[in-house]
Amino acid sequence: MELRDETQKLKRAHVILKEKFGYEQFRAGQWQVIQDVLNGHDVFAMMPTGSGKSICYEVPGYLMEGLVLIISPLLSLMEDQVHQLRKIGEKQARALNGLMHPQERKRVLQKINTLRFLFISPEMLRQPQILAVLQRTKVSLFVVDEAHCVSQWGHDFRPDYLYLAQIKAKLGYPPCLAVTATADERVRVDIARALDLRDVRQLLMSVDRSNIALIVKKVMDNSEKVDQLIQLLSKVRLPGIVYCAARDWTERLAEQIRLHTGLRTAYYHGGMDAVDRRKIQNQFLDGELDVLCCTNAFGMGINKPDIRLVVHFQFPGTMNAYLQEIGRASRDGKQGLAVLYYTEQDERYPSGFIDMNFPDDTMLHQVLVELDQGLLQTEPKDNFLETLQGRGASETAARFLYEQVRAVPREKRFLSILDECRRIIRERRIIQMNDLKVMKDYINSNTCRRAFYQSFYKEKQQHKPKLCCDQCGLQFDAFSGEESPEDRPHSEQILEWRARLTLLLKGSDHEK
DNA sequence: CGGCCGACGGATATCCGTCGGCCGGTGCGATATT
């Protein structure tokens, strides 16, 4: 009888897809995930961005009894997703966050039993009052969106991510669905552990984006980089994103680009206020900008199908981050280009960031001693964090230390956790340094770029696109235009490009 | 890790080199103060 129920559910999934979302068929991967979810399994799904990850929990939301709880890393992402659901007429979708008026938050909690979808941050979810309300509610599905954040941020930057397993337990172990576009094997294991996934079904789609041509270009110094970038921007298709490691670089570059190319250029980073950020983001989405210089603050949840170029003015510290960032190009399947400029000095950024994530050993030791002597208190939290930052710790390092000391029982000495802290820091450092090494190896490798990361992800190289990478004969000069237009071997490239475009267009027609 | 800035000292009355220290990226929520 149970079996018949399940079959019924699966049939109804197709009906929901058509009636609510207006699609005839599930796309690759979606159907498998939905089946596993409806059958009550924990599921880990790695699907490329733009492949319709949200359908994977939205459709089950209509077939399971109770609330679908979606843990999301960004408030803007939650708002967007609620908005999307509203557009298809779903009224029982809400977000719960700190920007809301307390009254409104209360109202959402009061009618929680009538909701179908609730979007929430890991921080909010950890609040005892919120959790108490959720404990009285039936949670049908526990979704972790952008699940790579668990591993990428949970260990230092946003420690609340590491409490999701505990919260899941308090909610009575609802089935869990973790989705992301990029997670190498180590990250997958890390996520599975942090979320306490059991008997997990995995759907692993390729991380490769074959329509994005890859180029790594080594240059002497930053001024050469700026020159080359400006040339590149005036030759290739736009809009484009230029990723920088530091905020001041985004501003300086934007200025330079505007000056030398006249392109509509803006910058975006986490130091700007929320209104400006929204404004720039919307301008970019609406096609009012050609170039956006930004830090890694920009990108998550950005769904603009026609970004043609992603430049790395400095490279990120992990392969996952790199693939996330270049993956924002050409979601529509047309030809895109990713260019990474490299000088040896650029390494200082990622290695500096790794250093900043943790307190140094002197501070660690000193703080534990002072806590034991009563010269320092862990509470109130903000005072503790401020004191540490006053002594030169980064905000992340301070918060890391707070997470370590907050749970030390009264009868124990703080110094007793010294070795444990040292071990954690050492291990995390090794992991991050290894990630960085992989990224450096990618840059310095003299084999196919695509083959390199596919092997890192333990994927077999499926099909090699014609416009693959600089190692496979893709001419950087054809894009950058270092020579005069006449003597460039350009026309052939363009022809090839056109031919490919046509093919792609035909291909997508065929799919429909 | 390395670029950048300010301090400092030496040789000369303003400049020049060197050295040490600092800084650098992601966002949530809550709370107190203008």
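Lettering follows sequence order; numbering is per chain, from 1. Keep in mind that what you see is a predicted model, and the values were worked out from it rather than measured.
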Peer 1: What integer distance in Å separates A/Asp360:CG from B/dG24:P?
Peer 2: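 Nearest whole value for this atom pair: 17 Å.
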Peer 1: Under 30°, 30 to 60°, or over 60°: which ring-plane class applies to A/Phe119 and A/Tyr57, parallel, tilted or perpendicular?
Peer 2: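 Correct class here is perpendicular.
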Peer 1: Which whole-number value in Å describes the distance from A/Met300 CE to B/dG25 P?
Peer 2: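 Interatomic distance, CE of A/Met300 to P of B/dG25: 17 Å.
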Peer 1: Which of the following nucleotides, B/dC28, B/dG2, B/dG27, is nearest to the side chain of A/Arg348?
Peer 2: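 Nucleotide nearest to A/Arg348's side chain: B/dG2.
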Peer 1: Nearest-Å distance, CZ (A/Arg278) to P (B/dG27)?
Peer 2: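 It is 13 Å, rounded to the nearest whole Å.
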Peer 1: Classify the nucleic acid contact of A/Gln345 as base, sugar-phosphate or nothing, counting any heavy atom under 4.0 Å across all strands shown.
Peer 2: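 Sugar-phosphate: the residue A/Gln345, judged by heavy atoms under 4.0 Å, touches backbone atoms but no base.
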Peer 1: Does A/Arg277 form a side-chain hydrogen bond (donor to acceptor under 3.5 Å, both in side chains) with A/Tyr268? I'd like the steps, not just the answer.
Peer 2: CA-CA 7 Å; A/Arg277 285 175 67 164; A/Tyr268 180 106; 3.2 Å; yes
Peer 1: In Watson-Crick or G-U wobble terms, both distances under 3.5 Å, what is the partner of B/dT12?
Peer 2: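 Its partner is none (no Watson-Crick or G-U wobble pair with both distances under 3.5 Å).
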Peer 1: B/dA11 and B/dG17: how far apart are their C1' atoms, nearest whole angstrom?
Peer 2: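 About 12 Å, rounded to a whole number of Å.
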Peer 1: By the 4.0 Å heavy-atom rule, please label A/Ile354 as base, sugar-phosphate, or nothing.
Peer 2: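 Nothing, no heavy atom under 4.0 Å.
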Peer 1: Return whichever of A/Ser351 or A/Asp156 has its heavy-atom-nearest nucleotide of DNA chain B closer to the 5' end.
Peer 2: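 Closest to the 5' end, via its nearest nucleotide, is A/Ser351.
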Peer 1: Expressed in angstrom and rounded to an integer, what is the separation of A/Tyr402 atom OH from B/dA30 atom C1'?
Peer 2: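 A/Tyr402 atom OH is separated from B/dA30 atom C1' by 12 Å.
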Peer 1: Quick check: A/Phe315 with A/Tyr342 (ring centres under 6.0 Å apart)?
Peer 2: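 Yes, ring centres under 6.0 Å apart.
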Peer 1: Should B/dG29 form a Watson-Crick or G-U wobble pair with both distances under 3.5 Å, which nucleotide is its partner?
Peer 2: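 Pairing partner, where one exists within any strand: none, as none qualifies.
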Peer 1: Checking base pairs now: Watson-Crick or wobble, both atom distances under 3.5 Å. What partners B/dT18?
Peer 2: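 Partner of B/dT18: B/dA7.
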Peer 1: Tell me whether the ring of A/Trp153 lies stacked over the B/dT26 base, given a 5.5 Å limit on centroids and a 30° limit on the plane angle.
Peer 2: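 Answer is no, no stack.
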Peer 1: Please work out if A/Asp160 contacts a base, only the sugar-phosphate, or nothing of the nucleic acid, heavy-atom cut-off 4.0 Å.
Peer 2: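 A/Asp160: no heavy atom of the nucleic acid under 4.0 Å.
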Peer 1: So does A/Ser121 get a side-chain nitrogen or oxygen closer than 4.0 Å to the phosphate oxygens (OP1/OP2) of B/dG29?
Peer 2: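 For A/Ser121, the contact criterion (side-chain N or O under 4.0 Å from OP1 or OP2 of B/dG29) is met.
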Peer 1: Quick one: A/Gln152 CD to B/dG25 P, roughly how many Å, whole number?
Peer 2: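 From A/Gln152 CD to B/dG25 P: 16 Å.
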Peer 1: Looking for any heavy atom pair under 4.0 Å, which part of the strands does A/Asn357 touch: base, sugar-phosphate only, or nothing?
Peer 2: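 Base, at least one base atom sits under 4.0 Å.
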Peer 1: Would you say the side chain of A/Asp221 and the base of B/dG3 hold a donor-acceptor pair, judged only by whether the two atoms sit under 3.5 Å apart?
Peer 2: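 No such pair is found, so the answer is no.
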Peer 1: Between B/dG24, B/dC28, B/dC1, which nucleotide gets closest to the side-chain atoms of A/Met356?
Peer 2: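 My answer, after comparing the listed nucleotides, is B/dG24.
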Peer 1: Decide salt bridge (charged side-chain N to carboxylate O under 4.0 Å, His left out) for A/Asp361 and A/Arg422; before the verdict, give the C-alpha distance in whole Å, the side-chain angles of both, and the deciding distance to 0.1 Å.
Peer 2: CA-CA 8 Å; A/Asp361 200 66; A/Arg422 281 177 170 162; 2.9 Å; yes
Peer 1: Using the C1' atom in both, what is the distance from B/dT34 to B/dC28, to the nearest Å?
Peer 2: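 Pairwise C1' distance, B/dT34 against B/dC28, rounds to 24 Å.
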Peer 1: Please give the distance between the P atoms of B/dT14 and B/dT18 as a whole number of Å.
Peer 2: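 Each nucleotide's P atom is 23 Å from the other's.
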Peer 1: Using whole Å, what does the distance between atom P of nucleotide B/dG27 and atom CD of A/Glu146 come to?
Peer 2: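 From A/Glu146 CD to B/dG27 P: 13 Å.
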Peer 1: Whole angstroms only, please: what is the CG-P distance between A/Asp273 and B/dG27?
Peer 2: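 Rounded to the whole Å, the gap is 14 Å.
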Peer 1: In whole Å, what is the span from the CG atom of A/Asp346 to the C1' atom of B/dC1?
Peer 2: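 The distance from CG of A/Asp346 to C1' of B/dC1 comes to 11 Å, rounded to the nearest Å.
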Peer 1: Rounding to an integer number of angstrom, what distance separates B/dT12 and B/dC16 when you compare their C1' atoms?
Peer 2: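 Going atom to atom, C1' in each nucleotide, I get 11 Å.
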Peer 1: May I ask you to say what A/Pro350 touches in the nucleic acid, namely base, sugar-phosphate or nothing, with a heavy-atom cut-off under 4.0 Å?
Peer 2: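 Counting heavy atoms under 4.0 Å across all strands, no contact is made by A/Pro350.
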Peer 1: Taking the nucleotide of DNA chain B with the closest heavy atom to each, which residue, A/Asp355 or A/Phe157, is nearer the 5' end?
Peer 2: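 Upstream on the strand: A/Asp355.
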Peer 1: I'd like the P distance from B/dC4 over to B/dG25, given in whole Å.
Peer 2: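 Going atom to atom, P in each nucleotide, I get 14 Å.
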Peer 1: Sort out for me which residue in A/Gln152, A/His155, A/His148 forms a side chain to side chain donor-acceptor pair (under 3.5 Å) with A/Asp190.
Peer 2: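 That would be A/His155.
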Peer 1: If the C1' atom of B/dA13 is compared with that of B/dG9, how far apart are they to the nearest Å?
Peer 2: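 Roughly 15 Å separates the two C1' atoms.
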Peer 1: With respect to the side chain of A/Gln127, which nucleotide from B/dG3, B/dG25, B/dG29 is positioned closest?
Peer 2: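 My answer, after comparing the listed nucleotides, is B/dG29.
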Peer 1: Would you say the side chain of A/Pro239 lies within less than 4.5 Å of the side chain of A/Lys304, judging by non-hydrogen atoms?
Peer 2: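 Yes, at least one pair of side-chain atoms sits under 4.5 Å.
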Peer 1: Should A/Arg449 and A/Asp470 be marked as a salt bridge (charged side-chain N to carboxylate O under 4.0 Å, His left out) after you check the CA-CA gap, both sets of side-chain angles, and the distance that decides it?
Peer 2: CA-CA 8 Å; A/Arg449 309 275 175 210; A/Asp470 54 328; 2.8 Å; yes
Peer 1: Between B/dT26, B/dC28, B/dG24, which nucleotide has the shortest distance from any of its atoms to the side chain of A/Ala246?
Peer 2: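 When the side chain of A/Ala246 is considered, B/dG24 is the closest of B/dT26, B/dC28, B/dG24.
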Peer 1: Considering just the side-chain nitrogens and oxygens of A/Arg105, establish if one lies under 4.0 Å of OP1 or OP2 belonging to B/dA30.
Peer 2: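 Yes, such a contact exists.
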Peer 1: How would you label the contact of A/Ser394 with the nucleic acid (heavy atoms, under 4.0 Å): base, sugar-phosphate, or nothing?
Peer 2: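 Answer is nothing: A/Ser394 stays at 4.0 Å or more from every strand.
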Peer 1: Could you tell me if the side chain of A/Leu109 sits less than 4.5 Å from the side chain of A/Leu96, heavy atoms only?
Peer 2: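 In contact.
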Peer 1: Tell me what A/Glu395 touches on the nucleic acid: a base, only sugar-phosphate, or nothing, going by heavy atoms under 4.0 Å.
Peer 2: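 The answer is base, as A/Glu395 lies within the cut-off (heavy atoms under 4.0 Å) of a base atom.
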Peer 1: Look at the side-chain N and O atoms of A/Arg399 and state whether any lies under 4.0 Å from the OP1 or OP2 oxygen of B/dC28.
Peer 2: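 No, A/Arg399 has no side-chain N/O under 4.0 Å of OP1/OP2 on B/dC28.
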